[in-house]
Amino acid sequence: MSEQQQGKLVILSGPAGSGKSTVVRQLLDKYPGRLELSVSATTRKPRSGEVDGVAYHFLTVDQFLQKREAGEFLESFEVFGLGNWYGTLQSEVENRIQNGISVLLEIDVEGAMQVVEQYPQAVTIFLDPGSLEVLEQRLRGRKTETESVIQRRLEVAHEEMEMAPRYKYQVINNKLEHAVEQICQIISNDPGEIVR
Ligand code: 5GP
């Protein structure tokens, strides 16, 4: 990533189980102080080990909707049709970008498209899990979700993978190191200047 005055806005999407979280951790390690993760807000319940303010800002539905009314979100969306809201707070993004720090958003496809309307130069990357079979194995391996949630997530994953062509870049996560390397090159090479 070259030095520049404004940070880049990098959006990484991909179905749950595509390996996004691991890729994100590795990217953040590669660019300390220069690429930071936007901590999303959500109304879903924390999974075990998830810390408020680190994994997400965990909010009640009322709190979330109040912030939404107040225009505090860059984008917000009810994901999975199970009543869970997710959203990117403006406060996670704008100051950093103005101060030359790039911001990584790990958000769903609908949210990504909302952000692109406001930040057309965002560097959008879709992480493809390779195959739905691999995805199913990863989701089951987590052992954190009920069968009906897994089934619903697989359906959503299928729908999401059809949206991949709407991203500037598509990266297949067959091998973690390769995927991370490819994404680093994309982040470095895309001018990503924010034109508002
Ligand atoms: P999980 O519940 O597994 O943490 O996340 C579920 C989905 O919500 C993932 O696809 C993730 O990318 C998406 N997501 C997380 N944060 C946000 C956000 O701020 N906005 C939107 N639109 N989606 C998000």
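Numbers for residues simply follow the sequence, beginning at 1. Counting convention: from 1, in listed order, for ligands and their atoms alike.
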Check: So which of Val115, Leu105, Ile101 actually passes side chain to side chain contact (heavy atoms under 4.5 Å, CB included) with Val93?
Finding: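 Single pass found, and it is Leu105.
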Notebook entry, point to check: Evaluating non-hydrogen atoms only, which member of Glu50, Lys20, Glu92 is closest to atom 9 (C) of ligand 1?
Noted result: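 Shortest heavy-atom distance from atom 9 (C) of ligand 1: Lys20.
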Check: Which is closest to atom 13 (C) of ligand 1 in terms of heavy atoms, Asp108, Ile11, Thr42, Val39?
Finding: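 Ranked by closest heavy atom to atom 13 (C) of ligand 1, first place is Asp108.
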Margin query: Suppose we screen for ring-ring contact (aromatic ring centres under 6.0 Å, His included). Which residues come up paired with Phe58, at least two apart in sequence or across chains?
Written below: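 ring-ring contact (aromatic ring centres under 6.0 Å, His included) list for Phe58, sorted by chain: Tyr56.
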Ligand-residue contact atoms, ligand 1 with [X], heavy atoms, under 4.0 Å:
X: Glu106; result: 12 (O), 14 (N), 15 (C), 16 (N), 17 (C)
X: Arg44; result: 1 (P), 2 (O), 4 (O)
X: Ser40; result: 16 (N), 17 (C), 18 (C), 19 (O)
X: Gly111; result: 22 (N)

Which bit of [X] is near ligand 1, meaning a heavy atom under 4.0 Å away: side chain, backbone, both or neither?
X: Arg153; value: side chain
X: His57; value: neither
X: Glu110; value: neither

Checklist line | Note, Leu65 side chain near Thr43 side chain (heavy atom, < 4.5 Å) | finding: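 Answer no - side chains too far apart.
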Checklist line | Heavy-atom check, side chain of Lys30 versus side chain of Val180, under 4.5 Å | finding: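 They are in side-chain contact.
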Item checked: Any Arg47 heavy atom less than 4.0 Å to ligand 1 ->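 Flag set, Arg47 near ligand 1.
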Notebook entry, point to check: Would you call Arg140-Glu147 a salt bridge at under 4.0 Å N-O?
Noted result: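 Between Glu147 and Arg140 there is a salt bridge, with a charged N closer than 4.0 Å to a carboxylate O.
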Checklist line | Ion pair check, Asp190 and Lys168, cut-off under 4.0 Å | finding: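 Counted as a salt bridge, because a side-chain N and a carboxylate O are separated by less than 4.0 Å.
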Check: Is there a nitrogen or oxygen of Gly87 sitting under 3.5 Å from a nitrogen or oxygen of ligand 1?
Finding: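 Min N/O separation from ligand 1 is below 3.5 Å for Gly87.
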Check: Under the salt bridge (charged side-chain N to carboxylate O under 4.0 Å, His left out) test, which residues partner Lys67, sequence neighbours left out?
Finding: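 If we apply the salt bridge (charged side-chain N to carboxylate O under 4.0 Å, His left out) test to Lys67, skipping adjacent residues, the hits are Glu72.
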Check: Do Tyr31 and Ser102 meet the criterion of a side-chain donor-acceptor pair at a distance under 3.5 Å?
Finding: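 Short answer, no.
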